[in-house]
Trainee: 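Got a structure for you, questions after.
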Amino acid sequence: MLPAFLARAVESLLAREGRSLHVKAAGGATLVLLVVMLTGSWAVVAAERGAPGANLTSYPKAVWWSVETATTVGYGDFYPVTRWGRTVGAVMMVVGITTYGMVTAALATWFVGRERGRRHRLAHGAHEMGEEAVHALHERFDRLERLLAERDGG
């Protein structure tokens, strides 16, 4: 069931027309993080099974550990004691840091893009207003010239 859900989620995320590249990248990275966290939780329990001093002995504990590891919080309540468990932890950290960096960059790009669009609309509006003002001034000068010509000639 889970692989079918993930396949549909990836297809929905990446195949959507009109969705910007940075949103696709951030969404894809978040999906990769989720998969790495769930798979890493399973892998760390398998790596730590039977190790002396191991405290990652169940999947729920390992899921909590993967969340705090991927977010680099690291409360210290759970930690791997084996070489393979620490390797899984290092992968989790790298993927977590990368994902949160991409999501932050996507949000920043979105904010900058909105501000750039707002400024463009303001500048375009000011340009149109300027053209209208110039046109109105030309009409006034033409009318004044006609009035002066009529007064002088008539």
Side-chain angles (χ1 to χ4, degrees), residues 1-140:
M1 179 172 117
L2 187 61
F5 167 76
L6 289 176
R8 281 194 306 271
V10 168
E11 180 182 341
S12 172
L13 180 70
L14 298 178
R16 201 139 259 159
E17 289 296 321
R19 187 165 286 177
S20 65
L21 180 61
H22 63 276
V23 171
K24 287 181 184 180
T30 302
L31 190 61
V32 167
L33 175 63
L34 179 65
V35 169
V36 167
M37 286 171 57
L38 295 175
T39 306
S41 298
W42 169 82
V44 80
V45 169
E48 299 287 300
R49 183 170 288 130
N55 57 20
L56 289 167
T57 55
S58 70
Y59 192 72
K61 288 179 183 178
V63 169
W64 173 247
W65 166 81
S66 69
V67 169
E68 60 184 29
T69 300
T71 59
T72 69
V73 171
Y75 292 121
D77 50 354
F78 299 109
Y79 51 89
V81 295
T82 65
R83 180 182 354 208
W84 287 113
R86 290 178 179 158
T87 301
V88 170
V91 169
M92 196 88 59
M93 287 180 225
V94 169
V95 171
I97 291 166
T98 302
T99 300
Y100 293 118
M102 289 181 74
V103 170
T104 302
L107 282 172
T109 302
W110 180 74
F111 282 121
V112 167
R114 285 182 57 100
E115 180 62 18
R116 183 176 291 143
R118 186 185 71 82
R119 287 183 181 187
H120 176 73
R121 285 188 303 278
L122 286 173
H124 183 69
H127 179 72
E128 284 182 357
M129 285 175 50
E131 286 182 0
E132 289 175 13
V134 167
H135 183 70
L137 283 173
H138 278 295
E139 285 181 359
R140 275 189 131 163

Trainee: Nearest 0.5 Å, what's the CD-CH2 distance between E48 and W65?
Mentor: 8.0 Å
Trainee: Check L56 against A62 and note the closest heavy-atom contact, atom names and distance.
Mentor: CD2-CA, 4.0 Å
Trainee: What heavy-atom pair brings A51 and V81 nearest, and what distance separates the two atoms?
Mentor: CB-CG2, 4.1 Å
Trainee: Atom CE of M102 and atom OG1 of T109: how far apart are they, to the nearest 0.5 Å?
Mentor: 10.5 Å
Trainee: Please report the closest heavy-atom contact between S41 and V63, naming both atoms and the distance.
Mentor: OG-CA, 3.3 Å
Trainee: Nearest 0.5 Å please: distance from the OG1 atom of T72 over to the CE atom of M92.
Mentor: 13.0 Å
Trainee: Verify, without hydrogens or angle tests, whether T69 (side chain) and S66 (backbone) share a donor-acceptor contact under 3.5 angstrom.
Mentor: no
Trainee: Might you point out which heavy atoms bring V88 and G40 nearest each other, and give the distance in Å?
Mentor: CG1-O, 3.5 Å
Trainee: At what distance, to the nearest 0.5 angstrom, does CG of L38 lie from OH of Y59?
Mentor: 4.0 Å
Trainee: Atom OH of residue position Y79 - does it have more than 12 heavy atoms of other residues, nucleotides or ligands inside 6.0 Å?
Mentor: no
Trainee: Locate the shortest heavy-atom distance separating A29 from T99; write the atom from each residue and the value.
Mentor: O-OG1, 3.3 Å
Trainee: Taking atom CG of L34 and atom OG1 of T30, what is their separation to the nearest 0.5 Å?
Mentor: 9.0 Å
Trainee: R121 side chain to G117 main-chain N or O, any donor-acceptor pair under 3.5 Å?
Mentor: yes
Trainee: So, for E68 and F78, which heavy atoms are closest and what is the spacing to 0.1 Å?
Mentor: OE2-O, 3.9 Å
Trainee: What's the separation between atom CH2 in W42 and atom OG1 in T39, rounded to the nearest 0.5 Å?
Mentor: 8.5 Å
